[in-house]
Participant: 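Here it is: the structure, laid out below.
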Amino acid sequence: MVARQLTEQLATHFGERAQQAPLRVLDVGCGQGTQALRLARAGHLVTGLDSDPVTLGAAQAMLGAEPPEVRERVRLLSGDGHHCGRWFGPGSFDVVLCHGVLMYLPDPDPLIASLARMIAPGGLLSLLARNREALAMRFGLTGDWRAALQAFDTDHYANRLGLTARADRLADLATTLREVAVPLRHWYGVRVFTDAMPDHAAPVDGRQLGQLLEAEDRAGRVDPYRQVAALLHVIGVK
């Protein structure tokens, strides 16, 4: 879903420019390199930044399996997004991604401000954060009523890895983006129907999987469905 949504926003915002010349992309918290490699395959110049040596090693291994022309478009660096200024000057990138990182920070604002400085005028920022307004949904759908009740009164939760993480409200993210001069342009919901689905219950039939993805895609675009999505995919433009 995130890849679909990001592709749509890049096409809408950059239009023919993205086809005529490669975009400069920074992927902060790139993990195993899923989005970084996908964008490099599309012809863009991508810098992946991650502070976890294990996931960065996985990204390097995946990059090593790519054709030479893709490998030439990717740099993978070990580091923290708060300190982007150590490597890059202001306005160094056309697109900055920060997916699945904000939920591990006590306060997302300093990182968002750091990322905003890296974006060139007219550039785009893509954030993926846990939805504070929907924390009770997974617990309620799985029948854990005690946890559901507790989730109404906190912004913290235990994720699928068993780690304590934090959720954000869309209104708060929009305020922060406005303050750092990268105002909110659009937002999507991600995992509206499937957040509580066990991994073993995922459809293996291609037709069913296609229908699931189509349902998620449509729900992630419209209210009230996207308001109760597990994740917020937020797009800001400088």
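Below, each value reflects all heavy atoms present in this structure, side chains not excepted, and no hydrogens, waters or symmetry copies. Note that the structure is predicted; figures quoted are calculated from it, not measured.
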Participant: Give a yes or no on whether Arg218 atom CZ has more than 12 heavy-atom contacts from other residues, nucleotides or ligands under 6.0 Å away.
Facilitator: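 Open: at most 12 neighbouring heavy atoms sit under 6.0 Å from CZ of Arg218.
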
Participant: Applying salt bridge (Lys or Arg N to Asp or Glu O under 4.0 Å) between Glu66 and each of Arg41, Arg71, Arg73, report the one that passes.
Facilitator: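 Looking at Arg41, Arg71, Arg73, the match for Glu66 under the salt bridge (Lys or Arg N to Asp or Glu O under 4.0 Å) is Arg41.
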
Participant: Is there a donor-acceptor contact under 3.5 Å from the side chain of Thr12 to the main chain of Glu8?
Facilitator: yes

Participant: Without hydrogens or angle criteria, can the side chains of Tyr225 and Glu216 be said to hold a donor-acceptor pair below 3.5 Å?
Facilitator: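 The answer is no; no qualifying pair exists.
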
Participant: Could you check whether Gln9 and Ser126, counting side-chain N and O atoms only, form a donor-acceptor pair closer than 3.5 Å?
Facilitator: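 Ser126 vs Gln9: no donor-acceptor pair found between side chains.
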
Participant: What are the two closest non-hydrogen atoms of Leu135 and Thr154, and how far apart are they?
Facilitator: CD1-O, 3.5 Å

Participant: Under 3.5 Å, is there a donor-acceptor pair between the side chain of Arg166 and the main chain of Leu105?
Facilitator: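 Yes: the side chain of Arg166 pairs with the backbone of Leu105.
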
Participant: Ion pair present between Asp144 and Arg146, side-chain N to carboxylate O less than 4.0 angstrom?
Facilitator: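 Salt bridge flag = no for Arg146 with Asp144.
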
Participant: I'd like to know if the side chain of Asn131 and the backbone of Ala229 have a donor-acceptor N/O pair within less than 3.5 Å.
Facilitator: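 Side chain of Asn131 to backbone of Ala229, a donor-acceptor pair under 3.5 Å: yes, one is there.
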
Participant: With a 4.0 Å cut-off on N to O distance, would you call Asp80 and Arg86 a salt bridge?
Facilitator: no

Participant: Got a salt bridge between Asp195 and Arg138, using NZ or NE/NH1/NH2 to carboxylate O under 4.0 Å?
Facilitator: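 A salt bridge links Asp195 with Arg138.
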
Participant: Quick one about His44 and Arg24 (side-chain donor to acceptor, distance below 3.5 Å, no hydrogens or angles considered), yes or no?
Facilitator: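 His44 and Arg24 do not have a side-chain donor-acceptor pair below 3.5 Å.
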
Participant: Please tell me whether His99 and His233 form a close aromatic pair, meaning their ring centres lie under 6.0 Å apart.
Facilitator: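 Ring-ring flag for His99/His233: true, centres closer than 6.0 Å.
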
Participant: Would you check if there is a donor-acceptor pair between the side chains of Asp109 and Thr176 at a distance under 3.5 Å?
Facilitator: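 Distance-only check passes for Thr176 and Asp109.
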
